[in-house]
Amino acid sequence: MFCRGAFNFFERHVIMAEYNSLEQVRLQKITELRAAGVEPYPTRAERTHTAAQAIAEFEAAEKTAGPGNPPAEIKAILTGRIRATRAMGKLSFAHIEDVTGKIQLFLRINELGQERVSFFDKYYDIGDFVQASGVLMRTRTGEITLHVHDYALLAKAVSPLPASKDVTQEDGSVIRYAALEGAELRARQRYADLAVNPDVRETFRKRARIISVLRRFLDEHDFLEVETPILQPLYGGAAARPFTTYHNQLKQQLYLRISFELYLKRLLVGNLERVYEIGRDFRNEGVSFKHNPEFTQLEFYWAYADYLKVMELTEQMVSTACHAVNGTYKIVYQGQDIDFTPPWKRLEMRQGIMDVTGIDIHAHPDAESLLATMRAKGYNPPHMATRGKLIDYLVGEYLEPTLIQPTFLYDYPRDISPLAKSKPGDPLTVERFEGYVAGFELCNAFTELNDPLDQEQRFIEMGRDYTAEDEELNLMDEDYLRAMRYGMPPNGGFGMGVDRLTMLLTDKHSIREVLLFPHLRSDEAGGSETRE
RNA sequence: GGGCGCGUAGCUCAAUGGCAGAGCAUCGGCCUUUUAAGCCGUUGGUUGAGAGUUCGAGCCUCUCCGCGCUCACCA
């Protein structure tokens, strides 16, 4: 009990000493390498070509030489990680992989001598980083290969990479053997996943490309990228439970933001006109295949625009991102053909609900009337207080799943949209749309409410919908109202989950496949050993 | 949080309540153009953790941990 920190420290060292048999073999090799004067972790490396550059240069040299003629000699120093070895006594082959791909090494006693070939076979393992110099050649089977004249260790791997082997079939398809496949292990040890699964690396390259394209698109449309607080004294802009934290010196309760909205719109008051932010939101809610506690959000606000203009910009932006990543506007998501070519379908929510349920929400201006009709038609929503929530239920249960092709569902109930501007002449409806693709929500946007008196009223109404025990739910943001009182230009605002867009564009079912380090529970082994 | 399913060697997976196995990886041997190299041999396990039933548990029961699917929650 006393000195608990020291106990944990000791315990940790015991855990660290638990090497498996494969690791013990490699540790022994490290000792022997040092004894032989080989530093397993040298400070510097040298490289003249990436794998891809070496292959391209050799092919170009072959072309220059012409068929049947030997190409000009190309010397190269390559670096990479050993992915496969094939030792044959006086010969040895290995594949190394760098960020551009794989290339084969060919070691022979003619150049290296028996001792150096055997030394490579004995001490170099899959997973080690190596450097090899030599001359490019083609083997008898036609593979462009580095004929090695010298080699060096760059970093020894103690733990074996999860072994995976590929064999390319005659039809070009690749069969993978014993690849790292467990979703949990892959997420927990993303480093190993990335190291052995090239398609995972490709997914995250695509993700980076998507974000880069979104940013460039908005920059080119004269939006200013800004950064607003993640630690906020009040949270708002969405309906979600926040994470709370505490500033020790200020003795202040703080929240991690659940949206950027209220801060970004303050900037419109400051005459910035067009602003956007790409960053992390945090929501203290359930985790699922499409929810992570922290996720990447894109929001922009556009002065003098309305939700119709935002729709047009949205379909342009998302289709541009799709084309940049996939080279086409048409993709397949989980077996469904999706076409992002603008313009996307526009569907009024009232009409959409009518199409799938036969209920006209305009005929039911209050919750009681709507609920009675729903019940009469056999719909049994869980207990819900407001008209908007009943409508939301109908949309979520019956309409959303039908929206496979990119669709803007527009004109939402006022009472579930406290930051959106009312539709002129229709007090129950606001100018809001959500973009749906493949049956789930991709983005959410509206003509922003800029009337400070109306906004104050909405905050009050919103507060009423929540019961007294929701003490934390303080939606009244006085500073935001003060900003709005200085005058906010009419504007259209937009929010989109970047992770979900990435899921769509990379054909991933789970958000965990597009997050490098998704949230997972503690992986400490043995439940009964945890003490608190 | 609820329901259903899963957890076996470093990785991918087998195993009617009856000696815990295979492929790849590892280790040793043979092999001078291989590519899942091949051939011969070898090693590797607290079957997620703990308890129970049983002559005997990877398998049945309970508790716990973790993951997956699903529901709830979720702009």
Side-chain angles (χ1 to χ4, degrees), chain A residues 19-26 28-29 83-95 102 104-111 114 117 121-122 125-127 137-143 145 147 157-169 174-189 192-193 196-197 237-241 258-259 261 281 283-291 293 295 297 382 388-389 392 395-396 412-413 416-420 432-434 441 443-446 495 497 509-510 512 518 520-530:
Chain A
Y19 292 104
N20 66 38
S21 62
L22 284 75
E23 290 166 334
Q24 284 170 15
V25 167
R26 293 188 178 204
Q28 180 61 30
K29 286 179 181 178
R83 290 299 309 282
T85 57
R86 292 177 292 282
M88 300 178 64
K90 296 184 173 62
L91 286 183
S92 201
F93 291 91
H95 270 104
K102 288 183 192 171
Q104 184 170 249
L105 303 183
F106 175 43
L107 293 79
R108 204 167 60 159
I109 61 168
N110 307 43
E111 292 76 31
Q114 183 66 61
V117 172
D121 292 344
K122 182 170 170 57
D125 291 301
I126 291 171
M137 58 169 278
R138 251 185 218 278
T139 61
R140 267 179 212 168
T141 53
E143 180 166 350
T145 297
H147 192 161
V158 174
S159 301
L161 278 182
S164 83
K165 290 195 167 187
D166 311 341
V167 56
T168 307
Q169 303 290 92
V174 175
I175 298 178
R176 315 205 66 211
Y177 292 87
L180 187 65
E181 282 175 348
E184 179 187 358
L185 195 59
R186 287 181 42 239
R188 285 195 194 282
Q189 301 190 21
D193 185 30
V196 300
N197 290 325
R241 290 163 64 197
I258 59 172
S259 86
E261 173 149 3
D281 270 343
R283 295 187 182 175
N284 203 343
E285 286 168 356
V287 178
S288 78
F289 73 96
K290 54 180 179 177
H291 297 270
F295 61 98
Q297 183 83 354
K389 286 184 178 177
D392 205 38
V395 170
Y412 275 62
I416 55 169
S417 311
L419 301 163
R432 170 180 175 185
F433 74 82
E434 290 189 357
E441 178 198 337
C443 59
N444 179 25
F446 23 93
H509 170 67
S510 169
R512 288 184 170 176
L520 296 169
R521 273 171 240 240
S522 160
D523 66 344
E524 284 177 28
S528 57
E529 290 179 23
T530 47

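None of the values given here were measured: they were computed from a predicted structure. In what follows, chains carry the letters A, B, and so on, assigned in the order in which the sequence lines appear, proteins first and then strands, with residues in each chain numbered from 1.
Across all strands shown, nothing is found opposite B/G45 as a Watson-Crick or G-U wobble partner with both distances under 3.5 Å. Across every strand in view, B/C13 sits in a pair with B/G21 that passes the Watson-Crick or G-U test at under 3.5 angstrom. Both distances falling under 3.5 Å, in either a Watson-Crick or a G-U wobble arrangement, place B/C67 opposite B/G5. With a cut-off of 3.5 Å on both pairing distances, B/U33 has no Watson-Crick or G-U wobble partner at all. The pairing partner recorded for B/A51 is B/U61, the criterion being a Watson-Crick or G-U wobble arrangement whose two distances lie under 3.5 angstrom.
Within the nucleic acid shown, A/Glu143 comes within 4.0 Å of at least one base atom, counting heavy atoms only. Backbone-only contact: A/Leu185 has heavy atoms under 4.0 Å from sugar-phosphate atoms and none from a base. Nucleic acid contact for A/Ala187: none, since no nucleic acid atom lies under 4.0 Å from a heavy atom of the residue. Using a 4.0 Å heavy-atom distance criterion, A/Asn444 is classed as a base contact.
Comparing B/A75, B/U34, B/U32 against the side chain of A/Leu419 picks out B/A75 as the nearest. Each of B/C69, B/U33, B/U34 was ranked by its minimum atom distance to the side chain of A/Leu91; first place goes to B/U33. Distance from the side chain of A/Gln104 is smallest for B/U34 among the nucleotides B/U34, B/A75, B/G28. Distances were taken from every side-chain heavy atom of A/Thr139 (C-beta onward) to each of B/U33, B/A75, B/G10; the shortest belongs to B/U33. Closest approach to the A/Lys122 side chain among B/C74, B/C67, B/G28 is made by B/G28 (side chain taken as heavy atoms from C-beta onward). Picking from B/A25, B/A75, B/C74 the nucleotide with the shortest atom distance to the side chain of A/Pro418 gives B/A75. The side chain of A/Thr145 sits closest to B/U34 out of B/U34, B/A25, B/C67. Residue A/Leu22 has its side chain nearest to B/G10 when only B/A75, B/G10, B/C67 are considered. Looking at the side chain of A/Phe289, the nearest of the listed nucleotides B/C69, B/A75, B/U34 is B/C69.
Looking only at atom types and distance, the side chain of A/Glu285 has no donor-acceptor partner in the side chain of A/His291 under 3.5 Å away.
When the P atom of B/A25 is taken as reference, atom CG of A/Asp121 falls 14 Å away, rounded to whole Å. Nucleotide B/U33 holds its P atom 13 Å from the CD atom of A/Glu111, rounded to whole Å. If you take CD of A/Glu23 and C1' of B/C11, they are 13 Å apart, rounded to a whole angstrom. Here B/C11 presents its P atom at 12 Å from CG of A/Leu161, a figure rounded to the nearest Å. In this structure, A/Asp392 places its CG atom 11 Å from P of B/C73, rounding to the nearest Å. Following rounding to the nearest Å, A/Gln189 (CD) and B/C11 (P) show an atom-to-atom distance of 8 Å.
Atom-to-atom distance recorded for A/Arg86:CZ and A/Leu105:CG is 10.0 Å, nearest 0.5 angstrom. Note: A/Thr139 OG1 to A/Gln104 CD = 5.5 Å, rounded to the nearest 0.5 Å.
With hydrogens and angles disregarded, a donor-acceptor distance shorter than 3.5 Å links the side chain of A/Gln24 to the backbone of A/Tyr19. Between the A/Arg432 side chain and the A/Asn444 main chain, no donor and acceptor come within less than 3.5 Å of each other.
Listed pair A/Lys29 / B/U26 fails the phosphate criterion, with no side-chain N or O lying under 4.0 Å from OP1 or OP2. Under 4.0 angstrom from either OP1 or OP2 of B/U34 there lies no side-chain N or O belonging to A/Arg86.
The base of B/U26 has none of its N or O atoms less than 3.5 Å from a complementary donor or acceptor on the side chain of A/Asp125.
The same atom, P, is picked in B/C39 and in B/C24; the two are 8 Å apart, to the nearest Å. Using atom P as the reference point in both B/G7 and B/U47, the two lie 14 Å apart (nearest Å). Using C1' as the reference atom, B/U54 and B/C67 are 31 Å apart when rounded to the nearest Å. On the C1' atoms, B/A49 is 11 Å away from B/G66, given to the nearest whole Å.
A/Phe106 and A/His147 have tilted rings, their planes meeting at an angle from 30° to 60° on a 0 to 90° scale.
Taking for each of A/Ala94 and A/Arg241 the nucleotide of RNA chain B with the nearest heavy atom, the 5'-most of the two is the partner of A/Ala94.
Considering only heavy atoms from C-beta on, A/Arg241 stays 4.5 Å or farther from A/Ile258 through its side chain.
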